[in-house]
Amino acid sequence: MSTRMPHGVDAATFRKALDELAAIVGKEWVFVDELPLSAYRDAYSPLADGEMLPSAAVAPANMEQIQQALKVFNAYKLPIWTFGNGRNFAYGGPAPRQSGYVMFDLKRMNRILEVNEKYGYALVEPGVSYFQLYRHLRQIGSKLWIDPAAPGWGGVMGNALEHGAGYTPYGDHFVMQCGMEVVLADGQVVRTGQGAIEGSQHWQSTKHAAGPHFDGMFTQSNFGVVTKMGIWLMPEPPGYKPFMITYEREEDLAAIFDAVKPLKVNQVIPNAAVAVDLLWEVSAKTTRRHYFDGKGPVPDSIRKKIASDHGLGMWNFYAALYGPPPIIENNWKLVEEAMMSIPGAKLHLNRENDPAWDYRVRLMRGEPNMTEFSIMNWIGGGGHINFSPISAPDGKEALSQYNLIKQRCHDFGFDYIGEFLVGWRDMHHILMIMYDRADEAMRKSAYDLFGKLVDEAADAGFGEYRTHLAFMDQIAKTYKHNDGALWDLHHRLKDVLDPNGILSPGKQGIWPQAMRSQA
Amino acid sequence: MAWDVSRRTVMSGGAVGAAVAGLGIGRSALAKRPLKIIVIEEAEVPESRLFAETFVNSGRAAKVIRIDRTLNGLLHELAIGEGVLVGLTSDPAAMIAEQVLLADGARPLLKWAHHYRKMRWEHRTDGAPALLARASTGWPTVLANHMQDALGGSRQAPDLRCESGHCGLDGKSPGMLVSWAFEVGVQQS
Ligand SMILES: Cc1cc2nc3c(=O)[nH]c(=O)nc-3n(C[C@H](O)[C@H](O)[C@H](O)COP(=O)(O)OP(=O)(O)OC[C@H]3O[C@@H](n4cnc5c(N)ncnc54)[C@H](O)[C@@H]3O)c2cc1C
């Protein structure tokens, strides 16, 4: 049995609680030994080994078991960490916010409860992965697409609850979520929206109902355990035209986003339009050591050689058009006129034997895959965290963010490996900080770089849309308006909804009263 | 679903003891019974192909599972019932396999690292440094043979490092590889 215990709980009491939990979920679904618990590690962690490890894991099979287990957690005041598929890598994987928590692993609850072909939605449980939903739709002959995040093993629910993103026109997953069933800390079951009407047939079709809209409260939070979620699915369009445009100069980023903004806002480009930097794009095909064996960032002269060897730009812009072919052709004229007007732009409608093109084209038509993990080969050694500030899709803004962040990466000896993704009105900037976990100095620098970026971005008026466990408190503190009123509100809700503070303490910097002073 | 493969009852079980995080996990205490060995080959990686080929030529591989560059096969093809899964793969492929196999209750047997730096391969393995150090581009063959011995129980000193002689890096090689083995579907007592 693991020697880690939940904070403030002695071994005998913990064992008694685990016995009670085993009586609820079955002995084989309570895990206490190091080997099965090692599956809940953050393999890419920016922290030293031995941090953020669980004391035990409990895997319920249904909502009733969740309700009963919550009673035990409350009775013994055991902190739990809830997740679905647990593939949240780059942000902490399945690992808990602090060592000693009990993992509340919902992977067993993996039923696809409904697929509605007519209205285009599915109702899923927490453990349903993108691959699973994709295969199910193909098996039943559905003409609906899914919208996977780049890692196809991720969860439809977990990703949407984290405000994750995909690459079809349905890429903003929380926007496409419709209707939830949630178990509150005291075991009460709540359905949001039209789900609260007995016998409603429209729970997954409309987000609106009388009264406040609560769904967002259960995302990136620790106010409840979500047991069902509706997700809208895009009907397969009659036409699909993916494309990539390469741009030669780093400064082109400003012109790219000035050209993209009207195309996005007017829905000419309906999917997440992404500008990928050279090193991210090339890292699916080669690694840093093939070009540069020195320390610090890859020099400019070598970057130019990489671009020329692989037919890439300093920015590589991906998007797609969807719909009836005549509409695609019409819209294409607008896209071409705007995006190809930037000097040096080169259009690609197909790229033979190019894994990066291949996986992006799959993602933009909703086919899950795992190829993007190969970019981790750039450094090797399995260390990776994402710094993800958000802003408006403005060219000047994008360029100044890029310059600031790239400079900091270089100051700390890292390559800038990033992309900018434009959704409805927002621009997500994803910086992948990669490090060799076996290189202690490099891991530590990655951690320090991240912390510095959080503060500098906040000073410049940006927040992050999501973050790794290790930086949740720091980022929460950057939301300072009116003396941190927003986090005060979170804490007031937390105290009412979860007075024993059992649900994912510290998630997103939201702590129960008893643990608040430590944060 | 892989998750349906029944996970072990661990409440009453003794500590299994192998930590997955480090290198050289080496529990060569593979049961004496001859277990089916299945090799995972990452088709795009030249060293991975050579490693798999060595297992096949030695007659020890019951099967080779080829993974293409989508890496999807790691999620769908590792449910083999009972046996030992081995691979020399890229670092991300090793990480994905580890996550999937641990969740299915597999037992890690070894995990070694192979890193190309300054025109040489650096190996961190359990034992056999001399053999690996003498090999240059053919090192995956030496490694495959050594791994067969290690799985057979002839274990040497833990966590050794060695460097090969000067050699080039194949354009298709990630240059940072992990060799690994997991025992699947065998109840521990
Ligand atoms: C190479 C790489 C590429 C990536 N690309 C993308 C990308 O394109 N888009 C993207 O969005 N992300 C991306 N990620 C990040 C991450 O891998 C995915 O977002 C992944 O989908 C998250 O894991 P999951 O879906 O299994 O969620 P989980 O780990 O199951 O859940 C995430 C969190 O949601 C909460 N949660 C989950 N289920 C519940 C529940 N039932 N009740 C209450 N709370 C719950 C918990 O706080 C949990 O920690 C990438 C990561 C890597 C390493």
Side-chain angles (χ1 to χ4, degrees), chain A residues 1-2 18-19 22 26-41 43-44 49-50 59 86-87 89 93-94 107-108 110 127 129 131-132 135 151-153 284 286-290 293 355 358-359 362 368-382 436 438, chain B residues 1-4 6-23 44-45 67-76 90-96 98-108 113 115-119 124 169-178 188:
Chain A
M1 182 165 168
S2 155
L18 291 172
D19 284 342
K27 216 173 166 193
E28 67 276 32
W29 297 108
V30 175
F31 305 98
V32 294
D33 282 343
E34 288 298 348
L35 178 53
L37 292 183
S38 65
Y40 302 107
R41 230 171 30 95
Y44 289 157
D49 285 345
R87 308 301 194 194
F89 293 103
K107 261 197 236 90
R108 279 174 83 196
N110 64 354
S129 73
F131 275 118
Q132 187 190 347
R135 285 174 157 192
W153 65 356
T286 188
T287 76
R288 182 181 149 103
R289 58 183 67 74
H290 286 98
D293 217 359
D358 185 62
Y359 88 79
R362 284 172 195 257
N369 62 80
M370 297 289 284
T371 316
E372 198 169 82
F373 272 88
S374 59
I375 68 179
M376 303 294 298
N377 286 319
W378 180 251
I379 297 286
D436 180 351
Chain B
M1 276 294 290
W3 185 253
D4 293 336
S6 75
R7 293 180 63 164
R8 271 175 206 69
T9 304
V10 292
M11 279 288 282
S12 52
V16 176
V20 187
L23 298 162
E44 283 300 308
V45 176
I67 305 294
D68 68 17
R69 54 191 175 194
T70 65
L71 304 182
N72 291 357
L74 292 168
L75 302 186
H76 305 135
S90 65
D91 188 38
M95 179 273 195
I96 294 166
E98 179 176 310
Q99 289 289 320
V100 170
L101 290 168
L102 283 175
D104 280 355
R107 183 165 68 102
H115 212 143
Y116 185 82
R117 319 191 152 96
K118 307 218 177 304
M119 306 293 288
R124 293 183 67 184
L169 179 64
D170 189 297
K172 293 250 178 197
S173 169
M176 159 85 212
L177 298 168
V178 181
Q188 294 148 40

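Letters A, B, ... are given to chains in the order of the sequence lines, protein chains preceding strands, and every chain is numbered from 1.
The backbone N or O of A:M370 lies less than 3.5 Å from a partner atom in the side chain of B:N72, making a donor-acceptor pair. Under the 3.5 Å distance criterion, the side-chain polar atoms of A:H290 are left unmatched by any main-chain donor or acceptor of B:L169. Between the side chain of A:R289 and the main chain of B:K118, no donor-acceptor pair closer than 3.5 Å is present.
Closest of all the heavy-atom pairs between A:L35 and B:A106 is CD2-O, 4.1 Å. Contact record, B:P174 with A:T287: O-CG2, 3.3 Å, taken as the closest heavy-atom pair.
In this structure, CG in B:L71 is found 6.5 Å from OG in A:S374, a value given to the nearest 0.5 Å. A distance of 5.0 Å separates CZ of A:F373 from CD1 of B:I96, quoted to the nearest 0.5 Å. Between atom CD of residue B:E98 and atom CZ of residue A:R41 there is a gap of 5.5 Å, rounded to the nearest 0.5 Å.
For the set A:G382, A:G50, A:G381, the entry with the most heavy-atom pairs within less than 4.5 Å of chain B is A:G381. Most heavy-atom pairs under 4.5 Å with chain A: of the set B:M176, B:K172, B:R69, this distinction falls to B:R69. Options B:Q99, B:M119, B:E44 differ in how many heavy-atom pairs under 4.5 Å they form with chain A, and the most are formed by B:Q99.
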Discussion item. Evaluate B:D91 against A:M376 for side chain to side chain contact (heavy atoms under 4.5 Å, CB included), listing each step before the verdict.
Written reply: CA-CA 8 Å; B:D91 188 38; A:M376 303 294 298; 5.7 Å; no
Fill in: B:H115/A:D436 under side chain to side chain contact (heavy atoms under 4.5 Å, CB included): CA gap, chis, key distance, verdict
CA-CA 11 Å; B:H115 212 143; A:D436 180 351; 3.3 Å; yes
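A:P151 does not touch chain B: none of its heavy atoms, backbone or side chain, sits under 4.5 Å away. Interface residue A:T371: backbone and side-chain heavy atoms are both found under 4.5 Å from chain B. For chain B, no part of A:Y359 is nearby; none of its heavy atoms comes within less than 4.5 Å. Contact annotation for B:L74: neither backbone nor side-chain heavy atoms come within less than 4.5 Å of a heavy atom of chain A. For a residue to count as touching a neighbouring chain, one of its non-hydrogen atoms must lie under 4.5 Å from one of that chain's; by this rule A:R362 touches chain B with the side chain only.
Counting only heavy atoms from C-beta outward, the side chains of A:I375 and B:P92 never approach each other to under 4.5 Å.
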